[in-house]
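As structure tokens, the structure follows; a few thoughts come after it.
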Amino acid sequence: MSPLLKAVSDWAHGVLRGWNRFWFTPSMPHTLALVRICGGAMLLYTHVVWSLNLNAFLGRESWLNANTVALLNQDAQGRNYAWSYLYYIDSPALLWALHIGALIVFAMLTVGLFTRITSILAWAITIAYCNRLTGTLFGLDQMNAFIATYLMLGDSGGVWSLDHWLASRRLPLTTHHSPLTCSPTLRTNLAIRLLQIHMCVIYLFGGIAKMRGDTWWDGTALWYAFAQLEYQSLDMTWLVHYRWLLALLTHVTVFWETFYCFLIWPKLTRPLCLAMAVGVHVGIAVCLGMKTFGLVMIIGNLAFVYPETVRDVVAWIVRPFMRVPGEKVAAPPIKRQSLAVAATR
Amino acid sequence: MSKRDAASEQTGQAANNEPTTQPTWSKLLISALLVMHVAAVVSPPLAFACRSRGGESAAIRAVARFFQPYTGAFFFDHGYAFFAPDPGPNHLVDYKLEFNDGRSPIKGRFPDLAAERPRLLYHRYFMLSEALNNRFAPPQFAPEPSPPALTASAGERERFAKIKTDYEAEKKRWQQARRQYEAMRKSIEEHLKYSYGADRVTLNRIEHLPADPEDVVYERKALSAAESYREMPETMPLGGPR
């Protein structure tokens, strides 16, 4: 074999090995379970808030009635793929019954009860609401929808769920079963990987879109964000006296957002990238009045925290409050999964 | 948890650090689905990024259209352009309700932070007013392009034919956008009439411009200064080819 062919062959084999390891290594469920608990709670809260004005947003005489929303969802060729059962609900009583059912599903997903079924139902309900509520949505709903999608795919109830607890009670007493033990699965890995990639897509295109604006280059973008009275929840306009700081924060934000998809994978930069994500999204939550959006972005970023870290941190948090059954049982080792590691092997 | 998972716990099976030993065909199938899914997820923001005043990338548009049924059904069709390209002005809606029974007219505005609580509910109203503004399409479209002179060359006539085709496509998009805007406006008006029992309603789109830093530093301009609000016209500018 010629050296050139050998080099190409080695490269192709490396790519295949990396692909195989990245997608097809089973993963423990702790990270996805935490995403389920936090994401499920966010879905529940989001839909509880719709309850406050349910008929005004989803009823027959709503702000944007079903026919209008169907038209808004059409493209220039008249095609509409944004399905929703809520287009067809005219009766307030039926609307409320379905809505209460939806809230119960989200609550069951959060606590991990019948997770396989409730995760699929939660996805269908979330998408149906999003498609019917065109014109009143923002980043929170986009995040809710894609988190619900990947929760449906993975074994999100594999740990820290009522399903897991009930299953452990059904096992014979003679077995040395611990509620802390659980199994790695392929579909959990697929869900986490897809969550990770989707986060990268969101940040990459968020960064690219910002790079087309002048204010992200001249360092004034953050000022114009803080100066939007309709968003403002904490007055940060005093920063106008520190223009260099505003400019620095602007540049750091757009740099981090654009290069997130590269910096999040190596072990060296992942913690820094995640710390930056928390900083930016807490800032959005506190200063720009979007607590839910800031929180849901942080939930999305959880996908990059290793399952063993999630397991250990949660155990450390709950230890003062409760004696964890089976604490002394050694948990199985969990592989740290990193594309960078995979690529170097 | 499945019976198989429970069984694996009983046997004390440790987490496997190696890829699964599934059949190759299964991995190939999953891989193909993954590639299609990731391509679908990327296509809407890519199509959004590949637009400019001159038009949109024909290649990316074709890819985005291919995945449109999937991205539309799964609610993946977003540009993710948060506060981009620049944090711009915000948009509000003023309304005035009038009654035939002699009641005084009612004036209001949404979003209204004092009335809409919690913050997430306020944000829904805020997005509604933003959406009405974003969907605005002027009531008239630009006149048809003039045909070339009778003495025009074949190249000029071909070019005109292309301009005419683009014009017709753009006009079709404008008609759709205008239909959507009118429907949205009408629906909001009908909702307000229904909610208050009013007979007539007038909507005005309001733009709130953010203050420039210099105005705040040197002129002590408040973010809520009256001159930073302006009423948006319903007639101008004319829609037309980009």
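Throughout, a chain's letter reflects where its sequence line sits, starting with A, and its residues are numbered from 1. As the structure is a computational prediction, the values presented were derived from the model and not from experiment.
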A:Leu204 CG to B:Leu46 CG distance, which is reported to the nearest 0.5 Å: 9.0 Å
Walk me through whether B:His78 and A:Phe138 qualify under ring-ring contact (aromatic ring centres under 6.0 Å, His included). CA-CA 10 Å; B:His78 316 295; A:Phe138 64 112; over 10 Å; no
Return yes if a side-chain donor-acceptor contact under 3.5 Å exists between A:Asp75 and B:Gln68, otherwise no. yes
Just so I know, are the side chains of B:Phe83 and A:Tyr224 near enough to count as touching, which here means a heavy-atom distance under 4.5 Å? no
Among B:Ser195, B:Ala169, B:Ser129, B:Gly88, who wins on heavy-atom pairs under 4.5 Å with chain A? B:Gly88
Atom pair CG (B:Leu192) and CH2 (A:Trp63), whose distance is rounded to the nearest 0.5 Å: 4.0 Å
Do the non-hydrogen side-chain atoms of A:Glu230 and B:Leu92 ever get within less than 4.5 Å of each other? yes
My understanding is that only residues two or more places apart in sequence, or in another chain, count here; which of them pass side chain to side chain donor-acceptor pair (under 3.5 Å) with B:Glu207? B:His91, B:Arg230
Can you label the angle between the B:Phe74 ring and the A:Trp123 ring as parallel, tilted or perpendicular, going by 30° and 60°? tilted
CD-CG distance between B:Gln180 and A:Leu72, expressed to the nearest 0.5 angstrom: 5.5 Å
Restricting to non-hydrogen atoms, name the atom on B:Pro118 and the atom on A:Leu52 that form the minimum distance, rounded to 0.1 Å. CD-CD1, 3.3 Å
Kindly state each residue pair satisfying salt bridge (Lys or Arg N to Asp or Glu O under 4.0 Å) with at least one member in residues 110-130 of chain B, sequence neighbours excluded. A:Asp141-B:Arg124
